[in-house]
Structure formats: structure tokens, C-alpha cells
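To keep things clear, I will list the structure first and then write my remarks on it.
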4 protein chains.
Amino acid sequence: MQPKISAVGRKRNPFIEAARRVQIIKAATETVAEVGYAQASLARIAQHAGISKSVISYHFAGKDDLLEQVVTQIFDDGWALIEPRLASARTETERLHVHMEVELDYWGANRTRYLAMASIVDGHRTSDGKPRFAQKWEETVTVLQDLLSKGQENGEFRDFDPRVVAVTVRQGIEGALDQWARNPDLDLKAYTAELITLFDLAIRK
Amino acid sequence: MQPKISAVGRKRNPFIEAARRVQIIKAATETVAEVGYAQASLARIAQHAGISKSVISYHFAGKDDLLEQVVTQIFDDGWALIEPRLASARTETERLHVHMEVELDYWGANRTRYLAMASIVDGHRTSDGKPRFAQKWEETVTVLQDLLSKGQENGEFRDFDPRVVAVTVRQGIEGALDQWARNPDLDLKAYTAELITLFDLAIRK
Amino acid sequence: MQPKISAVGRKRNPFIEAARRVQIIKAATETVAEVGYAQASLARIAQHAGISKSVISYHFAGKDDLLEQVVTQIFDDGWALIEPRLASARTETERLHVHMEVELDYWGANRTRYLAMASIVDGHRTSDGKPRFAQKWEETVTVLQDLLSKGQENGEFRDFDPRVVAVTVRQGIEGALDQWARNPDLDLKAYTAELITLFDLAIRK
Amino acid sequence: MQPKISAVGRKRNPFIEAARRVQIIKAATETVAEVGYAQASLARIAQHAGISKSVISYHFAGKDDLLEQVVTQIFDDGWALIEPRLASARTETERLHVHMEVELDYWGANRTRYLAMASIVDGHRTSDGKPRFAQKWEETVTVLQDLLSKGQENGEFRDFDPRVVAVTVRQGIEGALDQWARNPDLDLKAYTAELITLFDLAIRK
DNA sequence: CATGAATGAGGGTTCATTCAT
DNA sequence: GATGAATGAACCCTCATTCAT
């Protein structure tokens with residue numbers, strides 16, 4: 001009998017266990033980034049990791065579980081980076097700048113993760129055909145939306161639909177990353193500066 | 001003699017032939033929109049169309065061919081709508097407005113097509129793992145970029161990196177559509193107006 | 001209602017009918033010669049003939065019928081050539097020479113037919129897995145066997161098992177043809193002469 | 001990690017692995033012998049072996065790989081039997097006798113293998129339509145040809161084209177086997193004796 | 001006479017998963 | 001802890017054949 005339930009309640013050596021899981025998640029991330037979600041079979045992931053297919057089945061409840069871990073890990077790591085830096089900002093304008101900068105920093109330093117995340121979020125569905133990770137995306141928009149609303153109350157920003165702007169900022173960031181993902185030579189710092197200016201002008205009072 | 005070659009030199013009855021192709025393309029579009037690229041098998045598409053799997057193979061050279069037709073048709077129809085209306089605009093500012101409005105009109109009237117297009121463009125790869133339709137997306141950005149550059153030369157727009165803004169506009173439009181795709185009750189007209197204002201402020205001199 | 005029963009009892013224009021049948025049989029022969037029995041599908045044959053697949057179904061009861069016609073035609077033509085020349089020989093020795101010469105002449109002038117015949121005879125089976133054309137091959141051996149037996153009674157040949165020698169002559173001829181089929185530059189005349197000498201020495205009194 | 005590569009570096013349990021491979025190769029051999037190359041699908045082979053289709057795919061890289069193993073194994077085993085006995089012969093005449101005897105012994109004791117080999121060698125082609133195993137056949141002829149040439153230099157044999165005789169001997173052996181394959185009651189020993197006499201007379205000085 | 005259109009069966013192959021060891 | 005072995009379902013595609021026109 002094996003402990004198929006992921007993440008918690010594991011029995012034996014938690015170090016080996018964790019190491020293997022990390023290794024597999026890394027391999028899955030890289031494989032998805034390379035060939036895309038639809039082509040990323042367990043066989044390919046296992047091959048990339050240099051392990052047997054059934055090792056994956058041993059450590060994860062299934063393909064769904066594995067992908068969920070991949071996405072969760074990517075988002076958690078990102079969030080851990082963003083959150084403290086957001087907290088230190090004093091105005092909402094500043095907070096918006098920080099948000100864009102740090103997010104572009106994070107993904108910019110993790111190209112593979114960005115590609116994998118994007119591909120999985122787009123491609124992965126539940127058995128009834130609905131997107132499984134749409135909510136992850138939604139959460140990031142909500143954070144921005146709240147920030148923008150607060151800025152309007154503060155009088156930092158003009159009057160606009162905070163949801164529209166939040167979505168557009170989010171998409172603007174993804175646009176930057178898409179460009180850079182296709183062309184790694186692109187100067188992401190400069191792009192970020194342009195983007196910040198763009199939105200500053202668009203929402204200032 | 002099979003009609004596998006999809007472009008020209010058709011011998012067969014062009015009415016029945018065309019009707020079937022249209023039917024299959026429609027079924028493929030709807031299936032992909034519903035369950036996503038990765039889950040859209042020929043079997044599912046055929047089932048959706050109420051026909052036998054092999055009918056698809058008869059009318060298309062293969063799955064790749066079918067999907068290419070789907071994407072091509074979606075883009076061609078869209079472009080046929082956008083182009084004439086762009087031509088009638090007199091300033092680049094106006095042209096940018098028209099671009100956003102008409103594109104959101106087109107996709108807004110073709111929700112299924114939007115979902116299918118997005119899923120295929122993201123998911124479909126060549127056998128060596130590279131995206132097959134990235135170039136389609138690239139083209140739409142180029143049009144915007146040219147428009148913005150011309151506006152800068154005209155003195156209509158301030159100084160900015162036209163590529164950054166073009167990408168961000170493109171992404172802004174997709175953001176609107178994503179929102180609306182998830183929530184059909186969303187007021188796309190109002191969203192469009194907000195978006196136009198946003199970019200007007202961001203790029204005006 | 002179509003006249004699917006082949007060869008006889010056909011209704012309308014027998015000239016067009018016959019011409020089409022000849023064309024199809026030719027295409028089938030060439031296709032099998034080129035790619036081998038196992039790879040010679042009706043689709044490929046039709047493509048080679050530049051006609052629609054269903055034309056074949058119209059003129060022949062099925063794939064089996066077509067292949068049977070191919071083999072029959074090849075053997076009948078060959079036999080029509082061999083028989084009269086055999087009749088004019090006076091001794092069995094001479095008859096054996098003539099047999100080898102004329103058979104190598106016939107196949108030598110019809111490389112495609114030889115390849116097709118060999119491939120079909122080897123590959124074609126009835127639905128229960130038994131060879132369908134083994135009997136054709138058997139017949140040619142029987143002719144040789146009778147010839148050899150008569151020669152023994154005449155006192156032209158030494159004492160041997162006529163079946164063994166008949167089979168070996170037959171195989172010797174096929175060996176010559178196989179060699180030549182692979183290497184069309186081979187001097188078939190010279191090969192024939194060597195072969196005749198070989199069997200002369202082997203069976204003379 | 002799948003074991004698709006068939007040759008070396010096997011990690012897996014070599015006993016189970018080897019046993020399965022042997023079992024599948026045997027089933028493939030028997031199936032081809034029974035129904036012919038063109039009708040020997042993986043489904044039929046699997047059914048014959050009493051296993052699932054995908055087990056074959058697990059142990060072999062594909063149908064081509066499996067058939068290659070079948071042919072290789074058949075030829076290797078045969079050659080292992082022939083070679084040492086050829087070495088012990090002192091004259092070329094004797095060597096020719098041994099060759100015919102031992103080959104007819106080998107195949108005579110392996111009727112199924114003979115049928116399978118013949119069918120695969122005839123039917124199996126590369127994707128461009130060329131025979132894949134013609135070279136195996138060629139090799140056996142070359143051995144005979146060398147033997148005959150040496151016998152001519154020795155003064156054991158008369159002057160003749162060694163290639164013609166080599167091919168004819170090869171074909172003579174196959175003729176014997178074909179006869180016997182169709183009629184297992186045939187006295188192969190007696191047939192062999194007749195064949196040896198035939199060629200002795202044909203090539204002696 | 002001829003053929004486009006359609007079909008179900010079956011082709012080889014890959015899939016995620018299970019299980020005994 | 002780990003994995004070779006195995007499986008049935010599903011993949012896309014080609015097959016020989018039928019039928020309405």
C-alpha cells in the first residue's frame with residue numbers, strides 16, 4: 001500500500017521523498033516548457049528526468065496531481081517573492097510599480113517556469129472540459145484590482161474601472177514575458193520601464 | 001482518387017464538398033472551444049459533428065491540416081472585417097480606436113471562434129516542439145506597431161517604444177476577450193470604451 | 001445494379017469496358033511490382049492509374065478479383081508464348097532447352113510482370129491464410145516433370161526423380177530472373193546458356 | 001524509462017525480459033508462417049501469443065524491429081549450425097555436400113521458421129518500397145559462390161560461372177524446402193541426395 | 001459508365017495507470 | 001522506496017468496400 005495522497009502524511013524518509021518530488025517537478029516543468037502541455041506525456045517527463053515512468057506514479061497520485069504541484073510551486077515561489085516587497089511600498093502608485101517590477105523580475109529569472117506555467121494554465125482541464133487553473137490567474141488580477149481601487153480612494157488614480165485596468169496590467173506583463181520568451185535577447189528592464197510609464201500616464205489623476 | 005490536397009484543383013462536387021468541410025471545421029472549432037486543444041481528438045470532433053471519424057480523414061489531409069484550416073478561416077474572416085474599416089480612418093488615433101473596436105466586435109460576435117483560436121495557437125506545435133501559429137499572432141502585432149509608428153511621425157503620439165505599446169494593446173484586447181469568455185454577461189462595449197480611454201491617455205502627446 | 005461478375009456477361013459497351021480493365025490491370029501490375037504486394041492498396045493502384053478508387057470497384061468484384069486477373073493475364077500471356085514453341089521441338093532435350101529459353105525470354109521482356117507475379121503469388125492468401133496461387137506454380141512444374149519423364153522413357157535422360165529435377169529447373173529459372181530483376185544489366189542470354197549447360201550435364205545419360 | 005532500444009544496456013530483469021522477447025518472437029514467427037507476412041498484424045501476433053498488443057510495443061521498438069529480430073534470429077541460428085560443419089570439410093566438393101545437407105537439415109527441422117523467413121524476406125520493405133532483407137539472401141549466395149570458385153581453382157570443378165551455379169544451388173535448396181513445406185510427408189533426405197547428385201554431375205570436371 | 005462521398009474495421013503506436021516484486 | 005512489466009483505452013490514419021447520383 002502506497003501513500004498516494006500527495007504532500008502530506010507521508011511515511012518514511014521525508015528527505016529522499018522530498019528530493020525525488022523536487023526532481024520530478026523540475027523535470028515536468030522543463031518538459032512542458034519545451035514541448036508544450038499537450039505533448040508533455042509522463043513518458044517524456046520521466047525520460048527527461050532519467051527515471052522510470054512508474055516513479056512518477058509512486059510519488060504523485062497521477063498526472064493531474066503532478067501538474068497541480070508544478071503550478072502551485074511556481075505560483076507559491078513567485079508570491080513569496082512579491083508579497084514582502086509589496087508590503088514595504090507606501091503609496092499605491094509605488095505598489096503598482098513594485099508589482100510590475102518584481103513580477104517581471106521573478107519570471108524573467110525563471111523563463112522555463114514561465115513557459116510551463118503558461119502552457120499548463122491554458123491547456124490543463126478537468127474531465128468535464130473546464131480550465132483547472134483559471135482561478136490562479138484570477139487571484140493575481142484581484143490583487144491588482146484591490147490595489148487600484150485603494151489608489152482611487154486615496155486620490156492617487158483617476159476614475160476608471162479598476163477591473164479593466166487590472167486585467168490590462170496583468171496582460172501587459174504577460175505580453176512582456178511572451179516577447180521575451182520568444183526572444184531572450186530582449187531588454188526586459190527597458191521594457192518594464194516603458195510599461196510602467198504607459199500605465200502611469202493611463203491612470204494618473 | 002482522394003481529395004486530400006486541400007487548396008486547389010478540386011474535382012468533386014464543390015457544393016457538397018464545401019458544405020462538409022464547413023461542417024467539419026465548425027465542429028472542430030466548437031470542440032476545441034469546449035474542451036481545449038489538448039483534449040480535442042478527431043474522435044471527439046467527429047462525434048460532435050455527428051459523423052464518422054474517417055469522414056474527417058477523407059476531407060482533410062490530417063489533423064494538422066484541419067486545425068490549420070480552422071485557424072486560417074478564423075483569421076481570414078476577422079481580417080476581412082477589420083481591413084476595410086481601418087482604411088476609412090483618417091488619423092492614426094482614429095485608426096487605433098477602430099482597430100480595438102472592430103476586433104472586439106468580431107471576436108465578441110464569435111465567442112466560440114475566439115476560444116478555439118486561442119487554444120489552438122497556444123497548444124499546436126510542429127513535431128519538433130515549436131509553436132505552429134505564433135506567426136499569426138505576430139502579424140497582428142505588426143499591424144498595430146506600424147500604426148503607432150506612423151502616429152508618432154505624424155505628431156499624434158508621444159515618444160514611446162511602439163513595439164511595447166503594440167504588444168500591450170494586443171494583450172489588452174485579449175484580456176477583454178478572456179474576461180468576457182469566462183463571463184458572457186460582461187458589457188464588452190463598456191469595457192472597450194474603458195480600454196480606448198486607457199490607451200489614449202497612455203500615448204497622447 | 002452493376003455487373004460485378006467479372007470477365008463475362010457484361011452488358012454495355014464492351015470496348016470501353018475492356019480498355020478500362022486493361023488499364024487497371026496494368027496499373028495494378030506496376031504498383032505491385034514497385035512496392036510489393038503487401039503495400040499495394042487499391043488507393044495506391046488507383047493513384048498510379050490516375051483514376052478514382054471506385055472505378056476499380058466498379059470493374060472488379062474486389063481486390064481479390066483484380067489480383068486474380070493480374071496473375072491470370074500474366075500466366076496466360078506467358079503460356080501462349082511457350083506452348084507453340086514447345087510443340088515444334090522434336091526431342092525432350094530440345095524441348096527442355098526451348099522451355100528454359102522461351103520462359104526466360106518472356107519474363108526477361110516483362111520485368112514488371114515478373115516482379116508483380118512473384119510478389120502476388122507469394123503474398124496473396126485466402127481468408128483462412130492459405131496461398132491462393134500456389135497451384136499456378138504447380139502447373140508449370142508439372143509440365144516440366146512430364147517432359148522429363150518422357151525423356152527418361154525415350155532414353156534421352158539418365159535415371160533420376162523427375163519431380164526433383166523439375167522443381168530445380170523451375171527454381172533455376174526463377175533464380176536467373178531474381179538476379180536480373182535486381183540487376184537489369186545482367187546478361188540474361190549468357191545466364192540462360194550457363195543454366196542450360198548445367199542441366200544438360202546433370203541429366204544426360 | 002522504456003526499454004525500446006533492443007540491443008544493449010538493458011536495465012531490466014534479463015530473465016523475464018528475455019523470456020518475453022523469445023515468446024513474442026516465437027509468436028510472430030508462427031503467425032507469419034501461418035498467415036503470411038501481409039496478414040500478420042500485431043493484433044494477430046499478440047492474440048497468438050495470448051498477450052495484449054501493447055506488450056509487443058513495450059518490448060520492441062515497433063513492428064519493424066520485431067520482424068528484424070525474427071529474421072536475425074532465424075539466420076543466426078542457422079548459420080551457427082552450418083558454419084562449424086563447413087569448417088570440417090576438406091574438399092570443396094565435400095563442402096558443397098555438407099552445405100546442402102546441413103541447410104536442409106536446419107530448415108527441415110524448423111518448418112515454421114522457414115515459412116516465416118521466406119514470407120518476411122519477400123514481403124518486408126522499407127518505407128521507400130525497397131526490400132529490406134534482400135541482403136541476407138545475398139550473403140548465403142556469396143558463401144556458395146566463394147566455395148565454388150575455390151573448387152575451380154583446385155581443379156575439383158569444371159569451368160562455369162560460379163555465380164550462376166551458386167544461385168541455382170541456393171534455389172534448388174529452396175525448391176526442396178518449398179516442396180516439403182507444402183507436403184510434410186515428402187522424404188527430404190532422399191530429395192537431398194537427388195539434389196546432391198544433380199549438382200555433382202553438373203559441375204564435376 | 002463513372003465517381004465523389006461515406007463508412008466501419010482494423011492498422012501500428014502512445015497513453016496514463018496498476019501491480020508484483 | 002522504487003521500478004520493470006503489463007494493460008486496455010484511445011490516439012491518428014489507411015483500408016477495402018458500398019452507395020447515391
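Order of the sequence lines fixes the chain letters, A, B, ..., with proteins taken first and strands second; residue numbering starts at 1 for each chain. Just the heavy atoms: all of them, side chains too, but no hydrogens, waters or symmetry mates, feed the values below.
In this structure, Lys53(C) is not positioned above the aromatic face of Tyr58(B) in the sense of NZ or CZ being under 6.0 Å from the six-membered ring centre and within 45° of the axis.
Side chains of Gln47(D) and Ser52(D) form no contact here, defined as non-hydrogen atoms less than 4.5 Å apart. You'll find the side chain of Asp122(D) stays beyond 4.5 Å of the side chain of Tyr37(C), heavy atoms only. Side-chain atoms of Asp64(D) and Thr126(D), non-hydrogen and from C-beta on, never get closer than 4.5 Å to each other.
A sub-4.0 Å separation between OP1 or OP2 of dA6(E) and a side-chain N or O of His59(B) is present. When the side-chain nitrogen and oxygen atoms of Ser52(B) are compared with OP1 and OP2 of dG8(E), one or more of them lie within a distance under 4.0 Å. For Arg20(B), no side-chain nitrogen or oxygen approaches OP1 or OP2 of dA5(E) to under 4.0 Å.
A residue-by-residue look at Gln39(D) and Val55(C) shows that Val55(C) has its nearest nucleotide of DNA chain E further toward the 5' end.
For a distance-only test at 3.5 Å, the side chain of Ser41(D) fails to qualify as a donor-acceptor partner of the base of dG10(E). If you check distances only, the side chain of Lys53(A) never reaches the base of dT3(F) with a donor-acceptor pair under 3.5 Å.
Put simply, CG on Asp64(C) is 16 Å from P on dC15(F), counting in whole angstrom units. Atom OH of Tyr58(A) is separated from atom C1' of dC19(E) by 14 Å (rounded to the nearest Å). Counting to the nearest Å, the C1' atom of dA2(F) and the CD1 atom of Ile24(A) are 10 Å from each other. When rounded to the nearest whole Å, the span between CG of Leu66(D) and P of dG11(E) equals 15 Å. One interatomic measurement links the two molecules: OH of Tyr37(A) to C1' of dC15(E), which rounds to 12 Å at whole-angstrom precision. dT3(F) atom P lies 7 Å from atom CD1 of Ile51(A), rounded to whole Å. Rounded to whole Å, the distance from CD1 on Ile56(B) to C1' on dA5(E) is 15 Å. Atoms NZ (Lys63(A)) and P (dT14(E)) sit 15 Å apart, rounded to a whole Å.
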Verdict with supporting geometry, His48(B) and Glu30(B), side-chain contact (heavy atoms from CB on, under 4.5 Å) = CA-CA 8 Å; His48(B) 186 98; Glu30(B) 288 166 1; 2.6 Å; yes
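Other residues, nucleotides and ligands place no more than 12 heavy atoms under 6.0 Å from the NZ atom of Lys26(B).
End-to-end axis angle of the helix from dA2(E)-dT21(F) to dT21(E)-dA2(F), from C1' rotation axes over five pairs per end: 10° (rounded to 10 degrees).
No hydrogens or angles considered: a donor-acceptor pair under 3.5 Å links the side chains of Arg20(C) and Gln23(C).
The CG atom of Leu66(B) lies 6.5 Å from the CD1 atom of Ile56(B); values are rounded to the nearest 0.5 Å.
Contacts between residues 42-50 of chain B and DNA chain F, counted as heavy-atom distances below 4.0 Å, involve Leu42(B), Ala43(B).
A donor-acceptor pair under 3.5 Å is formed between the side chain of Thr72(D) and the backbone N or O of Glu68(D).
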